[in-house]
Each structure stands twice: as structure tokens, then as C-alpha cells.
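Count residues from 1 along the sequence.
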Amino acid sequence: MKKRKSGFTRITTSLICTAVLFGCSNGTESKETDNSQTKAESMSTIGNQKIIDVINEKVTYDKEDLYSDWKSEDYTSIQLNGTGANVKGDGEVQIDGSTITIKTAGIYVLSGKLNDGQINIDTEDKGTVRLVLNGANITSSDNAPIYVKNAEKTVISLQKGTENHLSDGEKYVYEDSSEDEPDSAIFSKTNLTINGSGKLTVNGNYNNGIASKDELRITGGNIQIDAADDGLIGRDLLAVKEGSVTINAGGDGIKSTNDKDASKGVIAIEGGTFNIKAVNDGIQAETSLLIADGDFTISSGGGSPETIANREGSMPRPGQEQNKGQENSAATSTDTEAESAKGLKAAVEVAIGGGALKIDSSDDAVHSNNSITITDGDLNVASGDDGIHADSSILTKGGNINVTKSYEGIESKAITIAEGNIHVNASDDGINVGGGNDGSGMDMQADTEDSMLTISGGYAYVNSQGDGLDSNGSISMTDGTVIVSGPTMNGNGSLDYNQSFEMSGGFLIAAGSSGMAQAASEESTQNSVLMTFPETKSAGTVVHLEDSEGNGIVTFKPEKDYQSVFISSPKLKKDTSYTLYSEGSSTENEKDGLYTDGDYQDGSKVVEFKISDSVTWLDESGITTAKSGPGGMGNRGDGQARPEGGTPPGDMFGDLDDEMKEKAQAIMEKERAGTITREEAQTQLKELGIEFPGQK
């Protein structure tokens, strides 16, 4: 067999170069290398740097952004009395009926109730306006209750122990019909900060809750927002240091909107508690979404459906038009608000360095049009589409990632698992290296040269109805532990790759159907075994492998029915004899079906064999030979088994003549690519007098 060049050396610089977390150097980075470190890791500017350090480089907080006691300062008191206000202090305040305008910088303390009025900040001098809400209730039937028209900076402080309420009407009246501002219950044309420890309830009945056309910072407070459209908006920057934020939004929960400047449109969260229910995206950044810590509960688009069907044919996925998978992924989001209902979304990058995130979304739970980096944190996500999706690259360097429900669990053009504890449940592919932009799982024309799944550490458990580990290009594993349970249908495989799978370290066991079963590539330096049973084994049937001295290599209890098992372990040695057992039980401690210690007993011996090559193919009669070249259905890479004198399990039409086999495989490839449904494939095969694989 012709040896393929390592797939992980082909990832291009442009694929995973992003604005903040991935930097590109000239010259040497684009050269091919045999180093085990992936391009995603070597080009990450994070390195040992934490996400909080990345945030600190982009976000600064002034002293006035943090709450301080106003009572010891010179301040102006504004006592609201229903239809107007009484003012006491040196600040310049103009009162025109129920419109109260602050004209100079300083501290202003608001208390009482204002019916159908407005606090208008329109200063003529330099300096910060600090507006202390000290038990204030302000309503406006046709405009923003608080409107910052002109000020160098505005700080809204929520006094401890107070409750404050702001509410607008469903329609705004502007002096000029061409105007569309303000459009939020709190609207600022300049930088805005909210701090303190009091409570603020905002009802944005017209459009948005709180919006700044420049930067919005939150360093404290208990903020509750009910908005017809978006909850919190910062155009250039939205930064949260701490506080409690609850949002019920008819549009996006939290968003940044500057799509003109690549250095802006950032959301940076250092901490706080967030409870977000949004019709569209939960948190959406035009460029970077950076999360260092915090407690998040996010529901978007009504949450994930109760069950997710393994969609066949060309059925569009959530939030997609029929041709969405063919769209070009731009630097900014191609989704319209009506189409996008993702949990976390960014056009350039999502980076998570800590916190607890619980996301339930009808569309992708975590999405980036470019890259995603996860270094720490606890993520529990349920999605009606992908659990975690990035068009260019995904890098996990730590954290606990639990995808409880998804169409495809983790999907990108390049995926690197360096560290972390990952659990994936998927109705289609578990971990999928596909064609890039959303919908790529159905795009079989994707460039395979740059498509790479790299596993260099960590722990991953995959439970999939489609392919377990799937790469349109190659797979490389050098360390870590991977367990794959499923699929059960012969049209998919536990391992699925188009070019090569080089196994040089780590532990991998994959149990599933046999129709498309693949093993590692022969150029692998770590030994592996692919066993194909003569009939399907029931879920929970133990498979056990031990050496000639009775030392256990692996004991595994698959969660699903299976007919093939692939095992690769550093314990497998060349020129050493082994015995494979089936059934029986174990007294060992079990996690995800894998037993780690104890005694295996009462099993039935299936086959004895000796390892002489890097990949050993087995059936109940002993060692078989590998099929060379592309095998199975179309160009699906090497690594499939051929029993002595027979046909490979992956070649499901081995008894047909060449012409009929070619026709049958072409039909199955169309079904695999999603251009026809399974029912259509069954009908077309039946017209040729051929049984659909797995139905014989």
C-alpha cells in the first residue's frame, strides 16, 4: 500500500488564523512539519495565558466604573413626584413638565416615581454623569425612560437595598419622522456603565432593553430585562465584570453590533450570573465572544426538541435555508436574526476559559463562523443542531464538555482535542471534521486536504447514531482516551475517514456496525485490532481482550448493539499472542462502558491471534487480510477488513459483478452524501435487484 503523508501536516495557516486567540507569523508557520503539536496549538496566542488575561488586554475598567459611596460626595438630589421633580444641589437640571434634563457632569441621585416622563442626559461640559437610582420608578409611554443624548460617559449606579423600575410603551414618537433613536428603555449614544448592588427591572416594550452605541460595561447589580427585541446591546464592546443578569428577549439576549471594525464588536465576560431566554441567539458577538468565568443558563429558540431525528436526504437543518450549506462563510455572520437561534455565537471566535454554562438551543449551542477555543469550564449543552460548531477550527485544552443532545456533537473543518473531558450524544455524527460552514456535515465535496481531527490528550466519549469519529480528511491520535459507542446502522461507522488515520499513542475503543467499519491506517506506529463478529451482539455484551499470560488489555461493555470492535492500546505489542472473549462479566469499576480494574469472568473465547502488523483484522476464524486502497463506498480511505478469500465487511456488494457493484456503490454514495434519502436508495437498489445493506 502506498503510504500517505500525515494529514495533520497539511492544515493551512489561513484555516485557523483568527483575530485574537490565533496569531499568524510569517514564513515558518506555513511550512509542513512532522511535529506532533498541531497548527491550532502552535498558532494559538493563548499558550499558557488564561482567557481572563486575554480579556484584560482588550477591556479596561476605570475607577468610576466600580461602585463607590456617593453619600460622601457632592451630589444633586432629584426627587421624582409623579409629574415632575424637585431638585436640590449644584448640578444643572432643567425641568420641562415630566422631561428632566441633566446639563452638567456630576452625581445625580434619583428617587421616587415619574409617570410618563424621561430622564434626558445632554451635558454641555466634559466629565462623567453618575446617575444613582435610589428607589426610582420611571415610565414613558412613547420614548426611552432614560436617554443619554450627549455625555462624555454615563454611569448608572444601583443603590444597595433598592428596587428600581423602568418601562416604556409599545410605540415611540420622534420629533423627526426620519429618526429611529432612541429605541431602548435605557439608551446611550456614548459609553455607559452600570454598577452597584441594587435591583433594576427594565421593561423594553417598544424594542430593546438597555443599549449603548459605544461601550457598555456592567460591574454589578441585579438586572432584570424583559424586551420585545434584544436585551443588552453594546455596539463596540459589551463587558461584564460581575452582577446578576436575567433576560427574557424576543430577539437576542446579549449582543454586540459593530461589524465595521475588526477590533470592536466584542463581548467579554469575567464573571456574574446570567439567566437568558431568547427567541434568537442567547449571546451574540460580531467579532469575539470571550468568557473567563460566570454562571450561565441560556435557552434560545425555544430550546432543543425532545427528540432529534437522524435527518436524511437534503432536509435543511435548524436555522438553515435549503441551500444554507452552500453559502460562503464571511467574516461577519451570514445568519439573519430570524434564522439564528444559537446559544453562544460569534463571527470570529468564541473562547471559554471557565464558568458553568448550561445551554439549551434549537440551533447550535456554541457557534463561531471561524474558531472556538475551550480551555476550562463546565459546559452542558443540548441542541437541535450541532452542540459545538466552528467553520474553521475547534481547540479544546481543558474543561468538562457534555453534549447531552445534538444532531452532530462537535463539528468543524479542523478539530484538536488536546485536553478536556468530553461526552457527546448525537443523532448523526459525534465528532465531525466536515466542510466548514454550517451544514458542512452534508457537504461531501469539502476540501479534504485541510480537514483534520487531531487527538493529543484528554478524554472523549462519543455515543452516535451516525459516524462516531468522522473526518472528510484525516485523523491523528497521539495521546488521550477515546470511547465510541455506535452506530448500529451499516451505512455509518464508528470510525470514518477519507485519507488516513495515524495512531501513534493513546487508547481508543470503538464498537458499532460492521458495514462501514474502518481501522487505523497501516502506517500507524501503535498496534490495533479490528474484530468483526459473524452476527450482531446485543448492547451490554462484554468484549474482553487479554494477552497470553492473562493480563487484561481492555474490558468493555458497549452501550449499543454492535458487530465490530476496534481496539488500539499501548499495551498491544508486536509478536505477542492475545485472546478475545465475548460475554461474561467483570467486577471492575466501569465508566462509559470501560472497566478500569477488577476481574473478568465467565466469558466465551472467540479467537486467539498473534500481532504481526500494526493493524490486525480479525473474525471468528482468526486473522484476516486488509483490503488495500479506498474501500467500501466510494473514496473512504483505507483500513477495512477482508476475510481470507472473501469480501471485506465494508464492501457490501462483493458478490456482484463489477458493473452492478459500481451502480450499487454509486447509489449508496448518494445516500451517504445526502443527495437522496435512504428510502430512495432502497428503492433504486431494489430496482437493480439488490438488497439494501443490513437488510439481508
Margin query: What I'd like to find out is whether the side chain of L237 reaches to under 4.5 Å of the side chain of K264, using heavy atoms alone.
Written below: no
Check: Which residue, R235, K149, K213, forms the salt bridge (charged side-chain N to carboxylate O under 4.0 Å, His left out) with E181?
Finding: K213
Checklist line | Interatomic distance, E270 atom CD to K241 atom NZ [nearest 0.5 angstrom] | finding: 4.0 Å
Notebook entry, point to check: Heavy atoms, side chains only, cut-off 4.5 Å: are D226 and V202 in contact?
Noted result: no
Checklist line | Side-chain heavy atoms of V462 within contact of I483, under 4.5 Å | finding: no
Item checked: Interatomic distance, E242 atom CD to I218 atom CD1 [nearest 0.5 angstrom] -> 11.5 Å
Note to self: Would the distance check show the side chain of N498 and the main-chain N or O of N472 forming a donor-acceptor pair, the cut-off being under 3.5 Å?
What the structure shows: yes
Note to self: Walk me through whether L131 and V155 qualify under side chain to side chain contact (heavy atoms under 4.5 Å, CB included).
What the structure shows: CA-CA 6 Å; L131 200 64; V155 176; over 6 Å; no
Next item on the list: Evaluate side-chain hydrogen bond (donor to acceptor under 3.5 Å, both in side chains) for D592 paired with Y459, printing each intermediate quantity in order.
Entry: CA-CA 11 Å; D592 297 326; Y459 177 96; 2.6 Å; yes
Margin query: Rounded to the nearest 0.5 Å, what separates atom CG in L216 from atom CG in L232?
Written below: 6.0 Å
Next item on the list: Write down the atom of E408, the atom of N432, and the distance for their closest heavy-atom approach.
Entry: OE1-ND2, 3.2 Å
Checklist line | Whether S406 side chain and G387 backbone form a donor-acceptor pair below 3.5 Å | finding: no
Check: Is any side-chain N of the basic residue among D230 and K255 closer than 4.0 Å to the acidic one's carboxylate O?
Finding: yes
Next item on the list: Heavy atoms only: give me the nearest P305-G384 pair and the separation to one decimal.
Entry: CD-CA, 3.6 Å
Next item on the list: Would you sort out whether S361 and S383 count as a side chain to side chain contact (heavy atoms under 4.5 Å, CB included), showing the intermediate values?
Entry: CA-CA 5 Å; S361 60; S383 170; 3.9 Å; yes
Checklist line | Pair E419 + K397, salt bridge at N-O below 4.0 Å | finding: no
Next item on the list: Please list, chain by chain and in numerical order, all residues satisfying side-chain hydrogen bond (donor to acceptor under 3.5 Å, both in side chains) with D378, sequence neighbours excluded.
Entry: N400
Notebook entry, point to check: Any side-chain heavy atom of N402 within less than 4.5 Å of one from V381?
Noted result: no
Check: Which pair of non-hydrogen atoms, one from D376 and one from G353, has the smallest distance, and what is that distance?
Finding: CB-O, 3.2 Å
Can you list, pair by pair, the side-chain donor-acceptor contacts under 3.5 Å of residues 185-196, counting residues two or more places apart and other chains?
from	atom 1	to	atom 2	distance (Å)
S188	OG	T190	N	3.2
S188	OG	T190	O	2.6
T190	OG1	A151	O	3.0
N191	OD1	E215	N	3.1
T193	OG1	D65	OD1	2.7
N195	OD1	S157	OG	2.7
N195	ND2	D65	O	3.1

Margin query: Checking side-chain polar atoms at under 3.5 Å, does Q224 have a donor or acceptor matched by the opposite partner on T201?
Written below: no
Checklist line | Polar side chain donor-acceptor pair, S263 to D261, under 3.5 angstrom | finding: yes
Notebook entry, point to check: What do the steps show when you test N370 against S392 for side chain to side chain contact (heavy atoms under 4.5 Å, CB included), and what is the final call?
Noted result: CA-CA 5 Å; N370 199 6; S392 294; 2.8 Å; yes
Next item on the list: Using atom types as modelled and distance alone, determine if a side-chain donor or acceptor of T297 lies under 3.5 Å from a backbone N or O of N275.
Entry: no
Next item on the list: Find out whether I51 and D53 are in side-chain contact, i.e. whether some heavy atom of one side chain is under 4.5 Å from a heavy atom of the other.
Entry: no
Notebook entry, point to check: For A278 and G253, which heavy atoms make the closest approach, and how far apart are they?
Noted result: CB-N, 3.7 Å
Note to self: Can you tell me how the ring of H389 sits relative to the ring of H367, calling it parallel under 30°, perpendicular over 60° and tilted otherwise?
What the structure shows: parallel
Next item on the list: For T481 and M477, work out which heavy atoms get closest and say how close.
Entry: N-CE, 4.2 Å
Notebook entry, point to check: Do side-chain atoms of T396 reach the backbone of G398 as a donor and acceptor pair under 3.5 angstrom?
Noted result: no
Checklist line | Trace of the side-chain hydrogen bond (donor to acceptor under 3.5 Å, both in side chains) decision for N258 with D236 | finding: CA-CA 5 Å; N258 191 330; D236 295 344; 2.7 Å; yes
Notebook entry, point to check: Would you find a donor on one side and an acceptor on the other, under 3.5 Å apart, between the side chain of S256 and the backbone of E286?
Noted result: yes
Check: From D295 CG over to F274 CZ, what is the distance, rounded to the nearest 0.5 angstrom?
Finding: 9.5 Å
Check: Going by an N to O cut-off under 4.0 Å, is there a salt bridge joining D360 and K405?
Finding: no
Notebook entry, point to check: About how many Å separate CG of D391 and CG of N369, when rounded to the nearest 0.5 Å?
Noted result: 5.0 Å
Check: Should T416 and I394 be marked as a side chain to side chain contact (heavy atoms under 4.5 Å, CB included) after you check the CA-CA gap, both sets of side-chain angles, and the distance that decides it?
Finding: CA-CA 6 Å; T416 295; I394 294 173; over 6 Å; no
Next item on the list: State, to 0.1 Å, how close D470 and D467 come at their nearest heavy-atom pair, and which atoms those are.
Entry: OD2-OD2, 3.2 Å
Checklist line | Pairwise side-chain contact, P145 with D168, heavy-atom cut-off 4.5 Å (strictly under) | finding: yes
Item checked: side-chain hydrogen bond (donor to acceptor under 3.5 Å, both in side chains) between E349 and S288, worked out -> CA-CA 5 Å; E349 60 199 346; S288 301; 2.5 Å; yes
Note to self: One pair to check against side-chain hydrogen bond (donor to acceptor under 3.5 Å, both in side chains): Q465 and S427. What are the steps and the verdict?
What the structure shows: CA-CA 5 Å; Q465 295 181 40; S427 66; 5.3 Å; no
Margin query: Counting C-beta onward and ignoring hydrogens, is there a side-chain heavy-atom pair between I267 and I254 closer than 4.5 Å?
Written below: yes
Note to self: As a test of understanding, state which of V424, I417, D386 forms a side chain to side chain contact (heavy atoms under 4.5 Å, CB included) with I410.
What the structure shows: V424
Checklist line | Separation between CD1 of I388 and CD1 of I359, rounded to the nearest 0.5 Å | finding: 8.5 Å
Next item on the list: Examine distances only and state if a side-chain atom of S299 and a backbone atom of K277 form a donor-acceptor pair shorter than 3.5 Å.
Entry: no
Notebook entry, point to check: Would you say M452 and K413 make side-chain contact, with heavy atoms under 4.5 Å?
Noted result: no
